[in-house]
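Position 1 is the first residue of the sequence, and the numbers go up from there. The analysis underlying the following values was restricted to heavy atoms, covering all of them including side chains, and did not include hydrogens, waters or symmetry mates.
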Amino acid sequence: MNPESSSKQALVVGSGIIGIACAHYLSRAGIRVTVIDRGRIAGACSSGNCGYICPSHVLPLTEPAALRAAIRSLCNPRAPFRVKATLRPALWNWMWQFARRCNRRQMLSAGLHLKAILDSSASEYRQLMATENLACEWRENGLLYVLKTRHGMSEFAETDRLLTEHFDTTAQRIQGADLPDLDPALRSGLAGGYHYRGDASVRPDLLNSEWSRRLQEQGVRFIEKCELLHFEKEAGRITRLQTSQGPMEADFVIVATGAWSPHLGGELNCRIPIQPGKGYSITTLRPDPCPRYPMLFPEHKVGVSPFEQGCRLGSIMEFCGYDTSLPPRRLQQLRDSAANYLKVPLPDEVQQAWYGWRPMTWDSLPIIGAAPGLANTFLATGHNMLGLSMATATGKLIAELVRGEPAHIDISAFSPARFQSSQRTS
């Protein structure tokens, strides 16, 4: 530990899972940490997601088929991956940059960077669970991809082959007739599945509450309902933050504000090209039988997460701005999609109906690194659909950067500076 660390203070803006992870690793490095949030601790995408910690998700959204899906979605309001027609220039510039990267070469390149941070994060999670013993329904029984049709099974076989050959990520192939024995909640007559045993899962709201509580016991301050108003800067450093609860000072500032990060681009004098990708989930009582495994249904793009006291369906990616509606048709779409696979539909009684905005970058890579031109400020945002999966490695990387240590993985591809060259195209 750097002997000067204990005299240093860090202020983390944003108390989602990324902000919590940054606070953990900074505190462990001996730095005093305060976390502020305009809302409540881990109230956005950090709470309503499916809880997967999935090294199997190495393929970025920028795959060749994604562009075709986006174009088709303009005329299909029920598309699970949808771009809403709009005149917003920022979205169409983002989509143009995204489209340029929807090719095999870029997909494989981004996938290698994602694999590094996903593998690191999975390893860090296992250490975290062993040392902190967080009561968050940590499970290491993998992630089961279930295919309904032969065509879907054939297509996913190509995906699995690509994952094996390029990323050393291999699944166990399961024949359709064997699926009900593996998980009795699945219907008979399905085509088959792939079981990625290296994946894990948690109940995300329990992880957030348990982890933040443990950090508070260890001296980390969390301040809710505290809105950042303005950064004060001097000589290439942020010297003070003006907030709704008064001025705050720190030696280091970490911006972990997820989908809201673009609103701080002007304050930070840097480009943060994130678009909010709206997702939905619905949590009900447990059906009988309830799935044993966390599952994904790639043909319908729906995930299922069994919890001890409930069951969650989650999915959908809508590029519709910061839309705050919760359409019943989208929630019913989750139920209808899952009905193709589960023997018993989820109960009518709803524990939670939820939407949230994922922080989507146009190259599918997170933004982790020093803010250009600000020596004491770091970004930890843009984790797309994998914030929970990447959180621990991100927190470790931020602590390494703050302390001036070499990063434990190559993070050059995650640098905020990569966007500055395209400033004039927006």
Intermediate values then yes/no, side chain to side chain donor-acceptor pair (under 3.5 Å), Tyr25 and Glu124: CA-CA 11 Å; Tyr25 285 89; Glu124 289 295 318; 2.7 Å; yes

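- A tilted orientation is assigned to the rings of Tyr194 and Phe156, their planes being inclined by 30° to 60°.
- Counted by atom type alone, Asp160 and Tyr145 present zero donor-acceptor pairs between their side chains at under 3.5 Å.
- Counting only heavy atoms from C-beta outward, the side chains of Ile53 and Asp199 never approach each other to under 4.5 Å.
- By the 4.5 Å heavy-atom criterion applied to side chains, His57 and Leu114 are not counted as neighbours.
- Distance alone, capped at 3.5 Å, places no donor-acceptor pair between the Asn93 side chain and the Ala90 backbone.
- The main-chain N or O of Leu346 is never found under 3.5 Å from a side-chain atom of Thr284 such that the two would form a donor-acceptor pair.
- Distance alone, capped at 3.5 Å, is enough to place a donor-acceptor pair between the Ser389 side chain and the Cys54 backbone.
- Residues forming a ring pair (Phe, Tyr, Trp, His ring centres under 6.0 Å) with His263 (at least two apart in sequence, or on another chain): Trp260, Tyr322.
- Paired with Trp362 under the rule ring-ring contact (aromatic ring centres under 6.0 Å, His included), one option of Phe319, Phe419, Trp92 passes, and it is Phe419.
- Looking only at distances, no side-chain donor or acceptor of Ser364 sits under 3.5 Å from a matching main-chain atom of Pro60.
- Distance alone, capped at 3.5 Å, is enough to place a donor-acceptor pair between the Glu267 side chain and the Phe231 backbone.
- Between Leu241 and His230, the closest side-chain pair of non-hydrogen atoms is not below 4.5 Å.
- Using a 4.5 Å heavy-atom threshold, the side chains of Leu296 and Leu144 count as separate.
- No hydrogens or angles considered: a donor-acceptor pair under 3.5 Å links the side chains of Arg100 and Gln97.
- Side-chain contact check for Tyr280 and Gln333: no donor-acceptor pair (N or O, by modelled atom type) lies under 3.5 Å.
- Using modelled atom types, one side-chain atom of Ser212 and one backbone atom of Ser209 make a donor-acceptor pair closer than 3.5 Å.
- Side-chain atoms of Gln420 never come within 3.5 Å of backbone atoms of Pro372 as a donor-acceptor pair (strictly under, hydrogens ignored).
- Panel note: side chain Gln218, backbone His24; no donor-acceptor pair is recorded below 3.5 Å.
- The aromatic rings of Phe378 and Phe252 sit tilted, their planes meeting at an angle between 30° and 60°.
- Heavy-atom contacts from other residues, nucleotides or ligands closer than 6.0 Å to CZ of Arg161 number more than 12.
- Under 3.5 Å, the side chains of Thr361 and Asn384 contain a donor-acceptor pair of N or O atoms.
- Ring geometry, Phe297 versus Tyr341: the interplanar angle falls under 30°, so the pair is classed parallel (tilted spans 30 to 60°).
- Residues Arg203 and Trp138 have side chains not in contact (no heavy-atom distance under 4.5 Å, counting atoms from C-beta outward).
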Compile the donor-acceptor pairs under 3.5 Å between side chains in residues 347-356 and protein atoms, sequence neighbours left out, one pair per line.
| unit_1 | atom_1 | unit_2 | atom_2 | d |
| --- | --- | --- | --- | --- |
| Gln351 | NE2 | Gln309 | O | 2.8 |
| Gln352 | OE1 | Arg312 | NH2 | 3.1 |
| Tyr355 | OH | Thr324 | O | 3.4 |

